Amino acid sequence: MDSAQQNSNAPAGGGSSWGAFLKSIASFNGDLASLTAPPFILSGTSLTEFSSYWCEHPPVFAAPAKETDPAKRALLVLKWFLTTLKQQYASRSEQYGNEKKPLNPFLGELFLGKWEDEAGVTELISEQVSHHPPATAYNITNIPTGVRLEGYNAQKASFSKTINIKQIGHAVLTVPSSTADQADTFLITLPSLHIEGLIFGSPFIELDGASYITSSTGYTAKIDYSGKGWLSGKKNSFVATLYPTGKEKEVLYNVSGQWTKSFEIHSGAAKHNSKSTLVDSWDPEKQRHTPLTVAPIEKQHPLESRRAWSKVANAILKGDLEAVGQEKSRIEVAQREARAKEKSEGRMWQRRYFSVRTDAPDRVLTQLGPAIGLAEHGDADKTGGLWRFDAIKAEKERGQPQLSDEEASKIARELLGQ
Ligand SMILES: CC(C)CCC[C@@H](C)[C@H]1CC[C@H]2[C@@H]3[C@@H](O)C=C4C[C@@H](O)CC[C@]4(C)[C@H]3CC[C@]12C
């Protein structure tokens, strides 16, 4: 839908509630959770689910494992990253005609699933590791190749003409090497974004600024994002270059296009490329994506996202705002009580799959961070900690027997008020 059109999803009379929403945004205090959005903008999907956007195409995710040349490997990582952008930032507006406000995860919320296709099994673990400030951590592993992505992120919002969102956190991709016994590591930063189309009642995301991927093998990719300006440019555009770290002018490959449409990868630096420099291309319309499989709701752990939020999600679907409010507040009250109980008993909520890195400086951030302006502390103060996947905890979780109905009800009652 063109951003200049009034959103057809907005209910009749929605003009006034949208107007009130716009006014509330103007005095926005930066807390995205506090925005009271009109019903048509509410989504029954929690932010913990967004971690799955990193792997809509498992064969592309796993492809770097088969490449032995480090520069070409870095290019495959850049290509995979670019292919994830459409799902990450445009899938809701493409599906519903506008961006939606996701559910704010509660501490300990989980989203678990797997993809199964020609790349074998790829596992997803996503966990809400912090509530104040809100932060989500994830770990995605392609089992046959061992290619693994882990990361965590939080958002910092501000208002200037529109809602601007800075992503805090980073991701680390590990690609086992077939020749050396050490794996290659890629440190990835996350783009900033802002919301367009607010005034027309059909918000959608545009990316801005630049993001980076730098590798332990000595290559860096810079991705510059731009949108449709007043006079020129296409929405969702980007230009990316891959170069030896520290030598930005020595471009090995350049990629350009629209992250929602298609892009071309060319060798060398020349922007106006000919067929002779074309190395690869991507058109999402021509690609099959692999759906994520999640357990049926009744088999899920009570803290798994779709089970925990099912009543809220149903109420959103029915447009029953009173029930939405009641069901949300059950969870919020139970969570507040759980935190108060933990405090009075001198304990902390135990994260199931991730731990805060406190023992030593983080190796990846220390080695690769300086090349792309990421600090060694990983912005831990803004994400409740520097979170890393904890394989020992994950192994323990795998060994846990399935909860009995009674145990599941007890957890749901105590932690979710259900
Ligand atoms: C629609 C609007 C008026 C309400 C504000 C909603 C706001 C909180 C949402 C909108 C878009 C969301 C982004 C989403 O585009 C994609 C990602 C990538 C994912 O990997 C991490 C989460 C993030 C940044 C979402 C955060 C919440 C956003 C900004």
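Numbers here simply count residues along the sequence, with the first being 1. Keep in mind that what you see is a predicted model, and the values were worked out from it rather than measured. Counting convention: from 1, in listed order, for ligands and their atoms alike.
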Among all the protein's non-hydrogen atoms, which is closest to atom 2 (C) of ligand 1, and how far away is it? Ile195 CD1, 3.8 Å

Does a donor on one side chain and an acceptor on the other come within less than 3.5 Å for Thr141 and Glu123? no

Protein heavy-atom partner closest to atom 27 (C) of ligand 1 - residue, atom, separation in Å: Leu47 CD2, 4.0 Å

Considering only protein heavy atoms, which is closest to atom 10 (C) of ligand 1, and at what distance to one decimal place? Glu99 CG, 3.7 Å

Anything under 30° is parallel, anything over 60° is perpendicular, the rest tilted; go ahead and classify Trp80 against Phe61. perpendicular

Closest to atom 1 (C) of ligand 1 (judged by heavy-atom distance), picking from Ala171, Pro203, Ala90: Pro203

Among all protein heavy atoms, pick the one closest to atom 4 (C) of ligand 1 and tell me residue, atom and distance. Lys101 CB, 4.1 Å

Check against side-chain hydrogen bond (donor to acceptor under 3.5 Å, both in side chains), Arg339 and Gln335: CA-CA 6 Å; Arg339 296 298 85 80; Gln335 284 285 303; 2.7 Å; yes

For Tyr89, is at least one N or O under 3.5 Å away from an N or O on ligand 1? no

I'd like to check Thr122 versus Val147 (side-chain heavy atoms, cut-off strictly below 4.5 Å). Are they in contact? no

Considering only heavy atoms, which of Arg92, Lys100, Lys166 lies nearest to atom 6 (C) of ligand 1? Lys100

How close do Pro144 and Gly120 get, heavy atom to heavy atom, and via which atoms? CG-CA, 3.9 Å

Just to confirm, does any protein heavy atom lie below 4.0 Å from atom 22 (C) of ligand 1? yes

For Phe21, the ligand 1 atoms whose distance to one of its heavy atoms is below 4.0 Å: 3 (C)

For residues Ala90 and Thr260, report the shortest heavy-atom separation together with the two atoms involved. CB-CG2, 3.5 Å

Just let me know how Tyr53 lines up against ligand 1, side chain, backbone, both or neither, with a heavy-atom cut-off below 4.0 Å. neither

Test the Lys79-Tyr253 pair against the cation-pi criterion, namely NZ or CZ under 6.0 angstrom from the six-membered ring centroid and within 45° of the ring axis. no

Identity and separation of the nearest protein heavy atom to atom 11 (C) of ligand 1: Ile205 CD1, 3.5 Å

For the pair Trp282 and His57, name the ring-plane relationship: parallel under 30°, tilted 30 to 60°, perpendicular over 60°. perpendicular

Would you mind telling me if ligand 1 is within reach of the side chain of Ile25, the backbone, both or neither, using heavy atoms under 4.0 Å? neither

With side chains defined as the heavy atoms from C-beta onward, is the minimum distance between Leu207 and Ser192 less than 4.5 Å? no

Quick one: nearest non-hydrogen protein atom to atom 7 (C) of ligand 1, plus distance? Pro102 CD, 4.3 Å

Residue and atom name of the nearest protein heavy atom (relative to atom 29 (C) of ligand 1), distance in Å to one decimal: Ile165 CD1, 3.3 Å

When Ile331 is tested against each of Leu103, Leu416, Leu415, Asn104 for side-chain contact (heavy atoms from CB on, under 4.5 Å), which residue passes? Leu416

Could you identify the single nearest non-hydrogen protein atom to atom 16 (C) of ligand 1 and state the distance to 0.1 Å? Gln88 O, 3.2 Å

Trp309 pairs by side chain to side chain donor-acceptor pair (under 3.5 Å) with which of Glu327, Glu304, Glu109? Glu109

Could you list the atoms of ligand 1 found under 4.0 angstrom from a heavy atom of Asn153? 21 (C)

With heavy atoms of Leu32 as the reference, note each atom of ligand 1 found under 4.0 Å away. 8 (C)

